[in-house]
Visitor: 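Mind having a look at this structure? Questions to follow.
Residue numbers start from 1 in every chain, and the chains themselves are labelled A, B, ... in the order their sequence lines are given, proteins ahead of strands. Fair warning: this is a prediction, and the values are worked out from it, not measured in the lab. Side chains are part of it too, since the values below use all heavy atoms of this structure and drop only hydrogens, waters and symmetry mates.
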Number of protein chains: 2
Amino acid sequence: VPQDIVFDLPWTLRRSPLVEEVRPDTVAWMAKFGLLHDQGFTVDQFASWQLTELAGYFFPDADTEGLRLASDLMAWYFAPFDDQFDGSLGNNPAQVARICADLVTITDLPPRPGNSPTARALADLWQRSCAPMSQAWQRRAHLSWSSYLATHLSESVNRAHGYFPSPEECVRMRAQSTSTHVVIDLIERVNGFELPALVWHHPILVELRRLAAELLGISNDLCSVEKEEACGDTANNLVLALEREAGCTRRDAVVMLRKLTAERVHRFTSTQRRLHHLDCFLQRDERNNVRRFVHGLEALMRGDSEWEHTTGRYSPQAGETAAQRARASSSWQPLEAAQHRSAM
Amino acid sequence: VPQDIVFDLPWTLRRSPLVEEVRPDTVAWMAKFGLLHDQGFTVDQFASWQLTELAGYFFPDADTEGLRLASDLMAWYFAPFDDQFDGSLGNNPAQVARICADLVTITDLPPRPGNSPTARALADLWQRSCAPMSQAWQRRAHLSWSSYLATHLSESVNRAHGYFPSPEECVRMRAQSTSTHVVIDLIERVNGFELPALVWHHPILVELRRLAAELLGISNDLCSVEKEEACGDTANNLVLALEREAGCTRRDAVVMLRKLTAERVHRFTSTQRRLHHLDCFLQRDERNNVRRFVHGLEALMRGDSEWEHTTGRYSPQAGETAAQRARASSSWQPLEAAQHRSAM
């Protein structure tokens, strides 16, 4: 089972002590926005998927407010949103485009009565993320969101056209579709600092972010491959792309995945050793923030790995359940406009 | 001489018929903002460097207003800004950081009396670029600008620390430092349309932009290598990085450059063949705009190549002049705050 395969990562796992405190808050948040449903996403599922735990691995130093934001975000990703695209909807680019375009505008405009529960919940996440942050941060965070939302469309375009990306394309695409860059932006938000633009765009930081996002994409594709096979969704997964390209077994593909991961870990640590190059133009507190940011990237990579091996999301049974749910015409449609509900 | 070496590109050169009309307007614009100086950048130099011609290759379908904006931008890049970093300033990251941070803020705040001529001219370019464009466009254009401005700092950090990037790092870094993404953003501005966020972030478009930017960086590094050697600036050039890594001659490095270029041309045209995949979620006018955008990328790549072989900027004499100018303590310091001038 892919979930049992562990890749070596050199970083120590850290856990927020506030997970127990925050978990019920996220359940309440999901209920408030209409993201829980007994035929859709249930409280039991939320608990078994360990989504507040994931937020706690990502942001071990967060205060309660920050961890709540991160935990709500994880719930939003996994509960209503991601799996909705597994079924027939995922093969209909025009419909996916309509839904994703609606979600992109949510980050620009106040929610309208016609917005879906998912869109209203996103508006809440976006407003809370931005509240204490500068215009510069909001600009780049907005781009990370748009880029992530666009991936649901591009994956559905590949399915509809029977296009199978190369392994190299998969690595890039999945780095974008795991939404890691949105979570990376939250490192500053949750820990209460901001990196100056000139640091953010320095090739060292660009490279470290890229490597972290690719690493999460690679390991996520290993975890989700059986779930995606169960759903008949074979176009966009890196493991399947490697098997196709090399005509190899699952076992061989896992060996390649391990190599791709090790290469990125090596490049991350060697790039990181040049961080002191930035000190010559930074103040003391800025130098400190750069280090906090990079430790934040380490926490993402290490925490994601821990979660992937402990969550109930990627068991084969879960895959079948997701496929059944996607096929069933559930009364729960959190991506559809809810004219008569009062979600907010 | 590198300038005589031509790489095969499959696209037809197109020229704006408005170049002669617009050239004097850009001279007047430079004069207005204090960017011309008889000991700095002169009108003759501007003409011999063919910067309005470059704008005319990049935007062959521009109207007068659009070509004026593009031509002023080319003048800004090459005249006061870029070469200022060739001399001792380029080895002083703290000072470069101060100047670049000032320029980044210019795109957020109205110009202040203490801003340099370069900063005031940038504010004018930025305002004219944004005037007819949406908030979404402005957000991504702002990121392209910040990223470009940051490269002057990162190149100076490499010089100061004696860090020599690998060829792979050079390709990425130069794609950013040639500012191609700023010019790419202008394709929509000058031609009067905007791509929706979901199209902009689609992997096909992301890939085409990346390839175009890398291609310009590669060919620019070949053209500028002798100029940079003359300035003693050997840390950041791809040709020199290839020679260092492979321990090879200039001739061998040029062969590798030709290969890097051909690979990118091939990937561009093969990726482009999948553009019709996007049609399934686009309206007719949006489909048309996607094609116009991609033709705009072709014009950038083909036009840049033409210009590099005809401009007077990259002759060996020009390299020495730039080096002398950078070393000399000219009275012309367009990057410095100008308290007593009235540039605007």
Side-chain angles (χ1 to χ4, degrees), chain A residues 92-98 100-101 103-105 107-108 134-136 138-158 160-161 163 165 169-170 172-173 176-177 196-207 210 271 274 276-282, chain B residues 92-98 100-101 103-105 107-108 134-136 138-158 160-161 163 165 169-170 172-173 176-177 196-207 210 271 274 276-282:
Chain A
N92 186 339
Q95 205 182 341
V96 173
R98 194 177 51 71
C100 293
L103 293 170
V104 170
T105 63
T107 51
D108 272 327
S134 73
Q135 203 193 351
Q138 292 180 32
R139 246 184 320 239
R140 50 185 163 83
H142 192 277
L143 221 70
S144 303
W145 267 110
S146 310
S147 172
Y148 161 65
L149 292 170
T151 59
H152 289 285
L153 177 57
S154 55
E155 294 192 353
S156 102
V157 167
N158 288 350
H161 287 272
Y163 177 72
E169 288 174 292
C170 280
R172 289 208 183 112
M173 204 178 65
Q176 189 182 349
S177 72
L198 296 178
V199 174
W200 183 259
H201 291 290
H202 192 283
I204 292 179
L205 275 286
V206 173
E207 177 81 350
R210 191 176 64 81
T271 303
R274 287 193 288 121
H276 70 93
H277 286 191
L278 306 182
D279 292 346
C280 59
F281 65 88
L282 294 177
Chain B
N92 186 338
Q95 204 181 342
V96 173
R98 196 176 49 72
C100 292
L103 292 170
V104 170
T105 63
T107 51
D108 272 327
S134 74
Q135 203 193 350
Q138 292 180 32
R139 244 181 323 238
R140 51 185 162 84
H142 193 277
L143 221 70
S144 303
W145 266 110
S146 310
S147 171
Y148 161 66
L149 292 169
T151 59
H152 289 284
L153 177 58
S154 55
E155 294 192 354
S156 104
V157 167
N158 287 349
H161 287 272
Y163 177 73
E169 288 175 293
C170 279
R172 287 207 187 115
M173 204 179 64
Q176 189 183 349
S177 72
L198 297 179
V199 174
W200 183 260
H201 291 291
H202 191 283
I204 293 180
L205 275 285
V206 173
E207 177 80 351
R210 190 176 65 82
T271 304
R274 285 194 289 122
H276 69 93
H277 286 190
L278 306 181
D279 292 347
C280 59
F281 65 88
L282 294 177

Visitor: For the OG atom of A:Ser156 and the CZ atom of B:Phe281, what is their distance to the nearest 0.5 Å?
Guide: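 The distance works out to 8.0 Å.
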Visitor: Name the region of B:Arg98, side chain, backbone, both or neither, that has any atom closer than 4.5 Å to a heavy atom of chain A.
Guide: neither
Visitor: Run the side chain to side chain donor-acceptor pair (under 3.5 Å) test against A:Thr271 and tell me which residues pass, sequence neighbours left out.
Guide: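 For A:Thr271, no residue satisfies side chain to side chain donor-acceptor pair (under 3.5 Å) once neighbours in sequence are set aside.
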Visitor: Holding to side chain to side chain donor-acceptor pair (under 3.5 Å), I want the full list of residues that pass it with A:Arg274, two or more places apart in sequence or in another chain.
Guide: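 A:Arg274 satisfies side chain to side chain donor-acceptor pair (under 3.5 Å) with B:Tyr163, B:Glu169 once adjacent residues are dropped.
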Visitor: Given 3.5 Å as the limit, does a donor-acceptor pair link the side chain of A:His161 with the main chain of B:His277, or not?
Guide: yes
Visitor: Can you tell me which of B:Ser147, B:Pro93, B:Ala150 forms the most heavy-atom pairs within a distance under 4.5 Å of chain A?
Guide: B:Ser147
Visitor: With rounding to the nearest 0.5 angstrom, report the CG to OG1 distance, A:Leu198 to B:Thr151.
Guide: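 A:Leu198 atom CG to B:Thr151 atom OG1 measures 10.0 Å (nearest 0.5 Å).
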Visitor: Let me confirm one number: the NE2-CE distance from A:His202 to B:Met173, rounded to the nearest 0.5 Å.
Guide: 9.0 Å
Visitor: For chain A, which candidate among B:Pro203, B:Ala94, B:Ser154, B:Pro196 shows the most heavy-atom pairs at distances under 4.5 Å?
Guide: B:Ser154
Visitor: Tell me, out of B:Ala136, B:Cys280, B:Pro165, B:Ala197, who's got the most heavy-atom pairs with chain A below 4.5 Å.
Guide: B:Cys280
Visitor: Counting only N and O atoms by type, is there a donor-acceptor contact under 3.5 Å from the side chain of A:Gln176 to the main-chain atoms of B:His201?
Guide: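 Between the backbone of B:His201 and the side chain of A:Gln176 there is a qualifying donor-acceptor contact (under 3.5 Å).
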Visitor: Distance check, rounded to the nearest 0.5 Å: A:Arg139 atom CZ versus B:Thr107 atom OG1?
Guide: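 It comes to 6.0 Å.
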Visitor: With a 4.5 Å cut-off on heavy-atom pairs, point out which of B:Leu282, B:Val199, B:Leu143, B:Asn158 contacts chain A the most.
Guide: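 Between B:Leu282, B:Val199, B:Leu143, B:Asn158, the count favours B:Leu143.
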Visitor: Which atoms of B:Leu153 are under 4.5 Å from chain A, going by heavy atoms: the side chain, the backbone, both sets, or neither?
Guide: side chain
Visitor: Between A:Arg210, A:Gln135, A:His276, who has the most heavy-atom pairs with chain B when the cutoff is under 4.5 Å?
Guide: A:Arg210
Visitor: Would you check if A:Arg140 and B:His142 make a side-chain contact, meaning some heavy-atom pair closer than 4.5 Å?
Guide: no
